[in-house]
Amino acid sequence: MSKYLVFDRETENHEHRKRFSSPFYDKNWTVALGWKKQGDKQCSALYFPTKEDEKPLQIDKDVSILVGHNLKFDLLFGWEDPALKAFFKRGGRIWCTQYAEYLLEGMHPDSHMIAMDQIAEKYGGRKKVDAVKAMWEAGFLTSQIDKDMLLDYLIGTKEEKRNSGDIGNTELIFLGQIKRAMKLGMMTMIQARMDGLLATTEMEFNGLKIDVPEAARRMKIMESELAITEKELESYIPELPVGLTFNWNSNTHKSCLIFGGTVKYKKSARYIDPKTGKYARKKATEEWPLFDGEPVDPKEATIDKDSGLYFIEDNCEQGGGYTCGMEISGSCEYCSCTGLDTRYQDVFTSGKKKGAGRFKKVDVPGEFKTKIQDFFFEFPGYTTPDPKWQGALTDGQGDSIYSTNDEVITELGSRDIPFLKAMAKRSALVKDLGTYYVRYDDKKKDYKGMLTCVLPGTHIVNHSLNHTNTVTSRLSSSNPNLQNIPRGDTSEVKKMFISRFDGGKMLEVDYSQLEVVVQGMLSGDKNLCQDLRDKVDFHCKRVSAWKKVTYDEAKKWCKDEKDPKYPEWKVYRTNAKVFSFQRAYGAGANLISQYTGMPIDDVKDLIEAEEIMYPGVTEFNDSVEKTVKRNAQAFKDWARDGKVYRRGHWQAPTGTMYTFRSYDAPDYLREKGVTDTFMPTEMKNYPVQGTGGEIVQIILGRLFRRFVETDNYGGLALMCNTVHDCVWFDFMPDVQEELCRDVKEIMESVPEVLKELYDMDVDVPFPVELEIGDNLYDKQVIHI
DNA sequence: TGTTAGAGCGCC
DNA sequence: AAAAGGCGCTCTAACA
């Protein structure tokens with residue numbers, strides 16, 4: 001009799017290396033562990049006041065499935081527990097209620113990363129103790145929360161007979177989800193994906209080893225290149241007013257510099273007080289000496305050193321005296337006065353201060369007030385923008401900002417603008433340094449970039465592989481994102497990824513054009529499947545259909561460098577390649593023509609040729625569209641505009657459900673009275689993208705089982721990462737042969753796996769390519 | 001001071 | 001025919 005075991009941890013919640021409650025930080029541990037085994041009348045829990053008290057989850061032999069919400073988190077905290085290892089060894093499986101909910105909801109955006117509290121009630125559970133959540137939100141550590149309160153939160157209160165809380169809710173959700181999954185025909189698919197979740201848990205646990213000295217070396221080189229480039233760029237910036245610093249990161253600045261425009265900048269400066277019409281000033285008072293009862297500005301008086309009193313030497317009213325610079329002696333030459341009249345400051349005549357000078361507090365104009373104000377500076381510009389580069393933002397004057405992205409800069413290449421190359425180089429360096437190395441953010445006083453996630457000592461970076469964050473059921477990666485590491489032809493970043501083993505290697509295994517294979521599989525198009533079996537070069541095939549020559553001719557002329565036709569036909573192939581990628585995303589003829597520079601009629605010819613060659617693909621796309629439209633239901637989108645839209649779905653043969661929403665119709669349909677339409681591009685792409693992702697994930701599950709079986713090849717090979725159609729491994733050469741053979745066999749066994757799980761008859765191969773190297777940059781294709 | 005939208009760009 | 005799909009990170013600019 002096999003049973004389920006629901007469990008959950010409340011862990012110490014320090015953030016470390018961008019990871020919330022990181023299981024890889026030694027200051028975090030399981031503060032409270034709760035569980036309920038199938039058949040138990042109530043939940044159980046253990047409380048561990050310190051890390052030293054911590055005990056592992058006990059998993060009885062009759063337990064066959066572990067259940068939890070966001071289960072990867074709880075698994076990582078005990079990933080090396082012998083009990084858990086033994087559990088997997090005997091074939092134990094998992095069910096993550098967060099992941100299952102996301103799949104059951106057809107990956108609807110509202111179901112991404114969904115919190116338990118948001119679904120507990122719909123499965124008959126109840127909301128949990130708010131006070132605990134409030135304390136976390138207020139920044140308390142889990143260990144600072146009252147033990148009883150925490151346990152109430154975890155397993156329910158005494159009034160709830162200790163059969164609620166996180167654990168009780170999870171059980172109810174699990175049982176409800178099983179029913180839903182059976183009804184929707186999604187049970188097998190969910191189970192298979194759960195094994196994929198185990199694989200990514202293993203990958204997160206293993207992480208990637210970073211060659212920190214190499215990274216530091218590269219960084220130094222890049223930083224000095226950056227300094228040189230920025231120095232060069234400086235000379236192209238016109239003289240700027242104080243307070244405005246040109247920022248090469250700012251799209252506004254770049255657009256204004258290149259195309260002309262007004263940059264708004266802020267500076268602290270004086271301003272006119274509307275009440276007085278003069279510059280605003282601060283209030284101030286001064287002690288002024290009194291002369292005959294009238295206060296006089298001390299600046300106009302002199303201090304008598306002996307008495308400490310102020311005195312004034314009044315000038316002759318007739319204009320004589322100091323003002324004319326004349327020496328005064330005796331009488332004034334303009335009149336009969338005796339030159340200067342010295343008057344002394346008033347003094348107290350009695351009391352304590354008798355004899356001391358009298359003063360009065362007088363309001364005087366204080367310092368000028370300043371405030372941060374907008375200033376404007378107009379750049380003349382170097383060239384005129386193409387209107388199609390116009391963006392949504394405006395400059396200081398309200399004129400349009402134009403895009404200065406890579407595409408535009410390339411297009412500007414033919415115009416004589418001297419700094420474009422340096423600017424592009426700077427952008428590339430800043431992107432690499434800021435995203436994949438490390439860069440100090442002056443404003444936030446914080447470091448940015450992938451290397452900030454590297455653990456000290458081990459130099460391992462543990463990324464997150466997220467299962468519930470996309471609408472297509474693909475995975476995503478974050479903190480850091482290890483699914484967008486620049487390829488070898490873009491940057492040398494991949495050199496940083498090395499083996500953690502002494503003398504070890506890295507292995508990357510890719511599916512060859514997975515999405516084309518999936519397109520063939522889903523559509524069942526006879527020609528496409530045959531071409532996949534024949535391993536034709538699809539780009540040459542498209543060229544042959546487009547230029548009306550045979551496939552063999554096209555292939556020779558496109559690929560044989562010695563052929564006289566090669567230079568011309570190579571370009572055809574490149575265009576066909578771009579065409580096929582664009583087409584996969586559903587782009588129309590217009591856009592492809594614009595993007596490739598091919599005449600629109602040529603693009604239309606290619607599209608037509610495609611449809612004649614692979615009619616099954618069009619039929620498949622049409623059938624998805626029909627299905628979605630047929631089952632669509634209206635809903636009011638309050639988050640958007642409160643208007644009525646529709647949502648429909650299409651279910652793949654594996655059981656995966658894709659949901660689609662409608663959007664405001666484009667103008668040409670609006671004129672015909674249509675208010676909302678589904679996006680044909682989404683409907684074409686989701687099934688292919690999603691099924692490709694799904695296949696990789698279930699294969700990851702198979703790989704995980706093999707790694708469990710072999711104890712990670714005796715501890716000499718590790719699964720590390722996956723990027724949609726590829727898998728990364730870290731291994732010792734000792735096990736290379738066995739590892740490569742297994743990985744290739746398992747990854748290429750897609751048709752067998754799909755037959756076994758879903759009784760699908762798949763007649764296309766899923767070939768993979770293996771590459772090995774000392775790092776993920778310098779790798780060689782290997783053949784087995 | 002922190003949040004958010006937009007742009008840009010890395011990957012598949 | 002007509003609407004280029006999916007992510008996450010960094011940066012700026014605007015706003016509360």
Side-chain angles (χ1 to χ4, degrees), chain A residues 18 107 112 247-255 263-266 374 391-396 401-409 427-428 430-436 439 441-446 448-450 452-453 463-466 469-487 490-491 493-494 510-511 513-515 578-579 581-592 594-595 600 603-604 607-608 663-672 674 677-690 692-693 696 721-726:
Chain A
K18 285 196 184 173
M107 291 89 75
H112 292 193
N247 183 354
W248 289 100
N249 287 333
S250 162
N251 297 326
T252 309
H253 287 195
K254 279 188 285 189
S255 172
V263 167
K264 184 163 89 178
Y265 64 102
K266 290 188 184 299
D374 290 339
L393 301 175
T394 55
D395 72 357
I401 293 291
Y402 293 88
S403 171
T404 51
N405 67 21
D406 194 53
E407 197 188 321
V408 171
I409 298 304
S427 299
V430 167
K431 168 84 177 170
D432 251 28
L433 280 167
T435 305
Y436 303 108
R439 206 174 148 84
D441 185 330
D442 260 333
K443 282 191 190 134
K444 292 194 169 174
K445 302 288 169 210
D446 200 9
K448 295 263 179 197
M450 186 184 78
T452 59
C453 299
H463 56 320
S464 292
L465 289 163
N466 317 305
N469 288 20
T470 73
V471 291
T472 60
S473 84
R474 258 197 187 178
L475 304 182
S476 80
S477 171
S478 55
N479 302 321
N481 182 356
L482 290 188
Q483 289 184 329
N484 70 345
I485 303 301
R487 294 193 315 250
T490 312
S491 149
V493 172
K494 267 192 158 183
D510 288 66
Y511 280 105
Q513 21 187 15
L514 181 63
E515 294 205 355
V578 176
F579 169 89
F581 283 119
Q582 311 251 20
R583 210 51 198 156
Y585 303 145
N590 238 326
L591 204 74
I592 297 175
Q594 220 176 74
Y595 197 86
I600 185 121
V603 178
K604 284 183 179 164
I607 292 174
E608 206 177 305
Y663 301 86
D664 287 324
D667 289 343
Y668 76 93
L669 285 175
R670 219 152 242 288
E671 284 160 15
K672 293 182 189 169
V674 182
T677 50
F678 289 95
M679 293 279 281
T681 47
E682 288 183 355
M683 290 186 290
K684 276 178 194 157
N685 188 246
Y686 286 15
V688 177
Q689 183 187 120
V696 172
N721 192 25
T722 175
V723 191
H724 308 305
D725 64 359
C726 78

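These figures come from a predicted structure and were not determined experimentally. Order of the sequence lines sets the chain letters (A, B, ...), proteins ahead of strands, with each chain counted from 1.
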What contact category does [X] fall into here, base, sugar-phosphate, or nothing, at under 4.0 angstrom with non-hydrogen atoms?
X        : answer
A:Thr677 : base
A:Arg487 : sugar-phosphate
A:Ala665 : nothing
A:Pro680 : base
A:Leu669 : base
A:Tyr686 : sugar-phosphate
A:Ser491 : nothing

From C-beta outward on [X], which listed nucleotide comes closest to its side chain: [options]?
X        : options               : answer
A:Ala392 : B:dC12, B:dG6, B:dG10 : B:dG6
A:Met679 : C:dG5, C:dA2, B:dC12  : C:dG5
A:Leu591 : B:dC11, C:dA4, C:dA3  : C:dA4

Original post:
So, A:Arg670 side chain and A:Ala665 main chain: donor-acceptor pair closer than 3.5 Å or not?
Top reply: yes
Original post:
Along nucleotides 7-16 of chain C, 5' to 3', which nucleotides get a B, which get an S, and which get a -, given that the test is a protein heavy-atom distance under 4.0 Å?
Top reply: SBSSSSS---
Original post:
Stacking between A:Tyr585 and the base of C:dA4 (centre distance under 5.5 Å, interplanar angle under 30°)?
Top reply: no
Original post:
Checking side chain to side chain contact (heavy atoms under 4.5 Å, CB included) against A:Tyr585, which of A:Val688, A:Asn685, A:Thr681 comes through?
Top reply: A:Asn685
Subject >> Nearest-Å distance once atom P is located in both B:dA7 and C:dA4 >> reply: 16 Å
Original post:
Does A:Glu682 get its side chain close enough to the base of C:dG5, under 3.5 Å, for a donor-acceptor pair?
Top reply: no
Subject >> Under 4.0 angstrom between A:Arg474 side-chain N/O and B:dC11 OP1 or OP2 >> reply: no
Original post:
Any chance the side chains of A:Asn466 and A:Ser464 put a donor and an acceptor closer than 3.5 Å?
Top reply: no
